Amino acid sequence: MSEDTAAKKELAAIKGTRDILPGEVEKWQALEALARTTFELYGFRELRAPVFEATELFEKGSGATSDIVTKEMYTFTDKGGRSLTLRPEYTPSVVRAIVEHRLDLEGAPMRYYYMGPMFRYDKPQKGRYRQFHQVDIEVFGEKDAAVDAEIIEMAHALLGKLGVAGTETLVNSVGCRACRPAYSAALRQAAAARRADLCPDCQRKAETNPLRIFDCKVEACRTIAAAFPSIQDFLCQECRDHFRRLLACLDALGIPCRIDPRLVRGLDYYTKTTFEIVSSHLGAQNALLGGGRYDDMMKDFGGPDICGTGFAMGIERVLSMAEIAVPKRKTVYLAHLGEEARMAGLELARWLRSNGVECLVEYKDRGMKAHFGRANKLQADWVLIVGENEMKSGRFALKDMATGRQVDGPREELLALLRTN
RNA sequence: GUGAGUGUAGCUCAACGGUUAGAGCAUCGGACUGUGGAUCCGAAGGUUGGGGGUUCGAUUCCCCUCACUCACCCCA
């Protein structure tokens, strides 16, 4: 008894994870297929990296002060004493793969996409899971802001195909190594001046990463932060040109967006462009997709000085808003009557399947009524009857469940009928 | 990590502190051994998340714990 409840508890999916069952999984498959075909239209290729990496990769890549690294990583020691981490994001893995395989020397466009699970030890809530799934794309070696615009447009194209409506696109520039320090200093100064009036969390941020004060939802902090200097006033010439060009390209592509000077992304490595596509219908976790440019990351890894830009899309979040019409599949229910017919049905089903017809056989003994009841239950489109009469004559009965029309004939004839309907 | 809300059958939900915790849907069987969706009959399914307490008596009230949900934080 108590063993049962204990067993039940132990067998439950881990907090923050969930099963994707038949009925729902078709939408995932549809999304994945649409993402693939869309990205490949833009010249992207799939790059699959392992789900776990050396912990160090993320510590270096995602920024040692980020929340992701400091408190959200699934880190463990393997039997060889190595510290490994289930990836909390994908970008560092791609960068590692490029450096490791010297993909930059191949001459092929460095445009990669990937979809798969990510892991963060967060407290679960609406739109936030510990194992969640992202579609991730990255472009390397393109300095031009036009590519930032191109991928934002690509994101729009995909969301459009997925039937996601009512989104807003936010863009910003967070500057570069040349201009951000001055801005950070100004911000830090402004924050220090009002330190006493900030919430404890922001007092901490004022020292570690003052940009993030803009993220705070405390009303007092927001009003104080509103008076802080804006990054836009501190951008160096290069960053300002880049941002201007981004806006021009987005305009040329017909992508409406809003400049949000307070848009800062959670990862430390971003430079210049950052963007986010949000929806108000998602609850507190309103970002469907977020990304930006990271021009220094590869170099920081000891690789070549190659810039990068990309985004990650949350599959769970997008799916909660997507309107995907999953095409109904046509299936044949094979009804057999008697032991011999069951054997013959088995072979007939094999033959149909080898000819590309989806076909279900259940081996339970049923009367005709029960077979039809079952076929209805399963929403089969056809019932194929195999009984004594059929075996003798070699002609099988095939009934269209929607119209009630029934025909009989040799199996080749029925196959032709199944294929044309 | 912090806060709030919710835990009753596979699902959606009932049951004033008081008989053996019920219903709809779903499942299985029968009416129904060569032709479906309907209908009718029946069965199975629960330590009321778990533990403790108050009480003659707890699904109901109190405490603890766990899980889920939402929010903070953070982010996809």
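Chain naming here is simple, since letters A, B, ... match the order of the sequence lines and numbering starts at 1 in each. Since the structure is predicted, the reported quantities are computational estimates derived from the model, not experimental observations.
When distances are taken from the side chain of A:E388 to each of B:rG34, B:rU27, B:rC75, the shortest belongs to B:rG34. You'll find that the side chain of A:Q406 is closest to B:rU35, out of B:rA71, B:rG36, B:rU35. Distance from the side chain of A:M368 is smallest to B:rU35 among B:rA76, B:rC75, B:rU35. The nucleotide whose nearest atom lies closest to any side-chain atom of A:K369 is, among B:rA76, B:rC75, B:rU35, B:rU35. Nearest to the side chain of A:Q125, among B:rC32, B:rC73, B:rA26, sits B:rC73. Closest contact between the side chain of A:Q285 and the listed nucleotides B:rC75, B:rG36, B:rA26 involves B:rC75.
Distance A:E89 CD to B:rC74 C1': 14 Å, rounded to the nearest Å.
Here the side chain of A:D122 pairs no donor or acceptor atom with the backbone of A:P124 at under 3.5 angstrom.
Contacts of A:G290 with the nucleic acid, taken as non-hydrogen atoms under 4.0 Å apart, involve only primed sugar atoms and P, OP1 or OP2. In this structure, A:G404 reaches the bases: a heavy-atom distance under 4.0 Å links it to at least one base atom across the strands shown. Note on A:K15: only backbone sugar-phosphate atoms sit closer than 4.0 angstrom, heavy atoms only; bases stay farther off.
The phosphate of B:rG3 has neither OP1 nor OP2 within less than 4.0 Å of any side-chain N or O from A:K123.
Checked by distance alone, A:R128 brings no side-chain donor or acceptor within 3.5 Å of a matching partner on the base of B:rC70.
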Dot-bracket encoding per residue of RNA chain B, Watson-Crick/G-U cut-off under 3.5 Å, | denoting interstrand: (((((((..((((....[...)))).(((((.......))))).....(((((..]....))))))))))))....
